[in-house]
Structure formats: structure tokens, C-alpha cells
Student: 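Okay, handing you the structure first.
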Amino acid sequence: FRSSLNFSLGRIEVQRVKMLYGYFYGGKHMKIIMLGAPGAGKGTQAKKIAEKYSIPHISTGDIFRANIKNGTELGKKAKTYMDQGLLVPDELVVDLVVDRVKQDDCSNGYVLDGFPRTIPQAEALDKALAAMGEAMDYAINVEVPDENIVRRMSGRRACVDCGATYHIVYAPTKEENICDNCHGELILREDDKPETVQKRLNVYHEQTQPLIDYYTEKNILVEVDGTVDIDEVFAAIVNVLGA
Ligand code: ADP
Ligand code: AMP
């Protein structure tokens with residue numbers, strides 16, 4: 001039904017149909033958090049969710065990387081932590097996300113990727129939403145054991161221009177080292193080098209994993225197996241969010 005509409009209508013009409021679709025089919029209940037270890041596939045799935053349900057994809061990692069690229073003060077501060085595989089302090093990230101979710105394009109929902117990463121971040125988010133009479137709807141935990149993570153990260157390639165991510169084996173580009181989207185150059189992220197990945201995993205277990213219990217208690221946790229193919233992981237998510 002939707003694809004036949006896309007076919008016969010112009011661009012603006014398609015946008016309008018998508019907004020109405022979001023409004024009637026659960027768009028108001030699409031405030032989603034992606035949880036999981038670094039490299040579990042949060043970004044990969046968040047992009048697919050954002051596209052399917054026409055909601056913004058908000059990645060704090062992407063926001064920091066864009067700030068680093070543009071040489072902003074925030075970027076300079078964040079880089080010192082990111083390069084070491086450490087989390088950026090809560091006070092540098094909370095307001096940024098809270099301001100972002102208040103923007104108009106978030107009215108039908110959004111998918112948070114890489115935030116919250118600590119209990120204080122989760123509490124600050126809940127408090128800000130409660131003040132608006134809102135709450136998160138789903139926390140989707142993409143489960144991948146540590147053994148698989150290092151292989152995932154060493155093969156991940158990111159586009160320097162548009163931020164698209166690929167994997168040399170699991171999600172290859174059409175042309176080697178050239179972004180399918182924008183023809184930008186692909187790089188191995190500095191923090192994806194094996195020595196930093198182990199540190200990021202430790203940080204994840206200490207500071208971020210407790211969020212699984214936090215969202216279980218809030219009754220919004222959804223667990224998906226992240227070790228299967230990208231499309232299979234997505235199918236499991238759609239099964240929960242609705243087709
Ligand atoms: P995260 O956002 O959780 O750090 P990414 O979405 O960037 O993780 O995924 C990490 C790497 O693993 C990327 O190179 C991505 O292409 C690849 N990847 C993601 N999901 C899968 C999957 N289900 N199977 C195999 N590789 C995957
Ligand atoms: P990501 O792209 O999500 O893997 O994030 C890359 C890096 O950015 C992380 O290792 C952290 O240093 C930093 N970062 C991203 N999101 C957050 C967050 N919510 N809290 C603290 N640091 C973050």
C-alpha cells in the first residue's frame with residue numbers, strides 16, 4: 001500500500017502521507033532507546049528504524065564526531081575522552097539530547113542511539129520527559145557477546161563525509177573503501193582499534209550495562225539477538241514495534 005502511494009504521489013505528498021501514517025500507526029509511541037555494547041549494531045538498526053517509521057535518528061557519537069570535524073569547543077572537549085575509549089562526562093551530553101528531542105521533528109518519536117549510557121543520563125532523560133508529560137516507549141537491547149565485538153569493530157568502516165557505516169565482511173560497499181551514499185572515503189575509526197575496543201567494552205560493562213536492569217524495571221526493555229544477520233535483527237525489532 002505504502003509503496004504504491006510513493007509511486008503515484010509527488011515528494012511533498014509522500015512526506016505528508018508518512019506523517020499521517022506515523023500519527024495513526026503508533027508514531028506517538030515511537031520514543032526508542034537503542035542499548036547494547038559498542039559494535040552491537042545499534043547504529044545499523046537505528047538507521048533502519050528511523051527510515052521505516054519516519055522518525056529522526058539521534059546518535060550522540062555522530063553528534064560528537066561532527067563537532068570534532070568542525071573544530072567546535074564541544075568537539076575538542078569530547079575528543080580527549082573518545083580517543084581514550086572513555087565516556088564523555090554526563091554534563092556535556094544530557095542537555096544536548098534533551099534540547100534535541102524537544103525539536104518539532106521529534107513530535108512523532110525518535111530513536112536514540114548511544115544515549116543514555118549511564119544511569120544519571122537515563123534519570124536526567126526521564127526527568128526532562130516527565131516534565132513534558134512524556135516517557136520513553138522502548139529500550140531495545142541488541143545482544144552480542146564480547147567475543148564477537150572485536151571482529152565487528154575491526155571490520156567497521158565509517159565514511160568521513162556522511163558518517164555512513166559499513167563492515168568489510170558483513171556490510172561491504174560496492175566499491176572498496178568508497179561510500180555507497182556519497183562516494184566519500186572510508187576510514188577505521190580511531191576508537192575502533194583493538195586496544196581501545198577492549199577498554200570501551202570494560203566501560204560498557206561498568207557504566208552502561210546497568211541500564212538493562214533500569215529499563216527492565218520500567219517495563220520497556222526488549223531483548224533482541226544481535227548475532228544474526230542485519231536483516232534478521234531488524235525483523236525481530238519490527239515484530240515488536242509493529243509492521
Ligand atoms: P554500534 O552502533 O552498536 O556501535 P554498528 O551499527 O556501527 O554498532 O555496527 C558495528 C559494525 O558491525 C559495523 O561495521 C556494522 O556494519 C556491523 N554489523 C552491524 N550489525 C551486524 C550484524 N547483525 N551482523 C554482522 N555485522 C553487523
Ligand atoms: P558511539 O559512536 O556511540 O560508539 O560513541 C563514540 C564515543 O562517543 C563513545 O565511546 C564515547 O566516548 C562518546 N559518547 C557517545 N555517546 C555518549 C554518551 N551518551 N555519554 C558519554 N559519552 C558518549
Side-chain angles (χ1 to χ4, degrees), residues 33-50 57-69 74-75 77-98 100-101 111-125 140-159 163-173 179-180 186-193 196-204 206-208 211 224-237:
I33 292 166
M34 302 305 294
L35 290 179
K42 298 180 297 293
T44 303
Q45 297 301 326
K47 286 187 186 112
K48 292 170 83 72
I49 293 170
H57 167 210
I58 303 171
S59 156
T60 42
D62 285 353
I63 294 171
F64 288 138
R65 281 184 289 275
N67 274 275
I68 292 172
K69 200 173 158 190
L74 175 65
K77 283 186 195 152
K79 188 174 181 337
T80 59
Y81 299 93
M82 290 167 75
D83 283 351
Q84 296 179 70
L86 299 173
L87 294 185
V88 172
D90 292 340
E91 56 272 24
L92 290 185
V93 68
V94 168
D95 290 349
L96 188 131
V97 175
V98 168
R100 178 68 188 85
V101 301
V111 50
L112 297 182
D113 162 16
F115 182 92
R117 255 182 162 101
T118 64
I119 296 277
Q121 289 181 14
E123 288 171 347
L125 175 67
I140 301 175
N141 183 34
V142 183
E143 282 189 274
V144 175
D146 287 9
E147 306 83 88
N148 301 21
I149 293 290
V150 181
R151 199 171 25 200
R152 288 260 180 111
M153 306 291 253
S154 58
R156 170 156 68 181
R157 295 292 179 273
C159 173
T165 24
Y166 302 92
H167 191 283
I168 51 174
V169 179
Y170 307 123
T173 45
C179 178
D180 287 351
L186 302 187
I187 52 147
L188 172 66
R189 267 166 54 177
E190 195 55 43
D191 59 348
D192 279 353
K193 298 193 169 148
T196 315
V197 169
Q198 191 50 55
K199 197 148 163 210
R200 291 170 69 199
L201 273 174
N202 296 343
V203 167
Y204 166 76
E206 274 165 35
Q207 294 183 264
T208 308
L211 292 176
V224 295
D225 178 1
T227 62
V228 294
D229 280 1
I230 291 172
D231 289 339
E232 277 180 71
V233 180
F234 189 55
I237 292 174

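Order of listing sets the numbers, starting from 1, for every ligand and every atom in it. Keep in mind that the numbers below use all heavy atoms, side chains included, and drop hydrogens, waters and symmetry copies.
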Student: What are the atoms of ligand 2, with element, lying closer than 4.0 Å to any heavy atom of Thr60?
Tutor: 15 (C), 16 (N), 17 (C), 19 (N)
Student: If you count every heavy atom of other residues, nucleotides or ligands that lies below 6.0 Å from Glu123 atom CD, does the total exceed 12?
Tutor: yes
Student: So do Asp192 and Arg200 actually touch side chain to side chain, heavy atoms under 4.5 Å?
Tutor: yes
Student: Could you tell me which residues satisfy side-chain hydrogen bond (donor to acceptor under 3.5 Å, both in side chains) with Thr227, sequence neighbours excluded, listed by chain and number?
Tutor: Asp225
Student: If every non-hydrogen atom of Ile49 is compared with every non-hydrogen atom of Phe234, which pair is closest and at what distance?
Tutor: N-CE1, 3.7 Å
Student: Counting from 1, what ligand 2 atoms have a heavy atom of Phe115 closer than 4.0 Å?
Tutor: 19 (N)
Student: Report yes if some N/O of Arg117 lies less than 3.5 Å from some N/O of ligand 2; otherwise report no.
Tutor: yes
Student: Looking only at heavy atoms, which two atoms of Arg152 and Gly226 are closest? And how far apart?
Tutor: NH2-O, 2.7 Å
Student: At a 4.0 Å threshold, what atoms of ligand 2 neighbour a non-hydrogen atom of Arg189?
Tutor: 1 (P), 2 (O), 4 (O), 6 (C)
Student: Would you say Arg65 contacts ligand 2, with heavy atoms under 4.0 Å as the rule?
Tutor: yes
Student: For ligand 1, what are the residues with a heavy-atom contact below 4.0 Å?
Tutor: Ala37, Pro38, Gly39, Ala40, Gly41, Lys42, Gly43, Thr44, Arg152, Arg156, Tyr166, His167, Tyr170, Ala171, Gly226, Val228, Asp229, Ile230, Val233
Student: State, with a plain yes or no, whether a side-chain heavy atom of Thr173 is found less than 4.5 Å away from one of Cys179.
Tutor: no
Student: Taking all atoms of both residues into account, what is the closest heavy-atom pair of Ala78 and Phe64, and its distance?
Tutor: CB-CD2, 3.7 Å
Student: At a non-hydrogen distance cut-off of under 4.0 Å, which region of Gln207 contacts ligand 2 (side chain, backbone, both, or neither)?
Tutor: neither
Student: Counting heavy atoms only, name the option from Leu92, Asp62, Leu86 that's nearest to atom 11 (C) of ligand 2.
Tutor: Leu86
Student: Suppose I only count heavy atoms of Gly114 and a 4.0 Å limit; which atoms of ligand 2 are within that range?
Tutor: 16 (N), 17 (C), 18 (C), 19 (N)
Student: Are Glu190 and Thr196 packed together at the side-chain level, in the sense that at least one heavy-atom pair is separated by less than 4.5 angstrom?
Tutor: no
Student: Report, in ascending order of atom number, the atoms of ligand 2 lying under 4.0 Å from any heavy atom of Gln121.
Tutor: 18 (C), 19 (N), 20 (N), 21 (C)
Student: Give yes or no for whether the N/O distance cutoff of 3.5 Å, strictly under, is met between Tyr81 and ligand 2.
Tutor: no
Student: Provide the closest heavy-atom pair for Asp113 versus Ala46 in the form atom of the first, atom of the second, distance.
Tutor: CB-CB, 4.0 Å
Student: Any idea which heavy atoms bring Pro116 and Leu35 closest together, and the distance?
Tutor: O-CD2, 4.3 Å
Student: Considering residues, nucleotides and ligands other than Tyr81, do more than 12 of their heavy atoms fall under 6.0 Å from its OH?
Tutor: no
Student: Does any part of the side chain of Leu74, heavy atoms only, come nearer than 4.5 Å to the side chain of Leu96, both counted from C-beta?
Tutor: yes
Student: I want to know if ligand 2 touches Val88 in the polar sense, i.e. an N/O pair below 3.5 angstrom.
Tutor: yes
Student: At what distance is the nearest protein heavy atom to atom 23 (C) of ligand 2, and which residue and atom is it?
Tutor: Phe64 CE1, 3.9 Å
Student: At less than 4.0 angstrom from any non-hydrogen atom of Arg200, what atoms of ligand 2 do you find?
Tutor: 4 (O), 10 (O)
Student: Please compare Met153, Gln84, Met82 and report which has the shortest non-hydrogen distance to atom 13 (C) of ligand 2.
Tutor: Met82
Student: Please check if atom NZ in Lys47 has more than 12 non-hydrogen atoms from other residues, nucleotides or ligands closer than 6.0 Å.
Tutor: yes
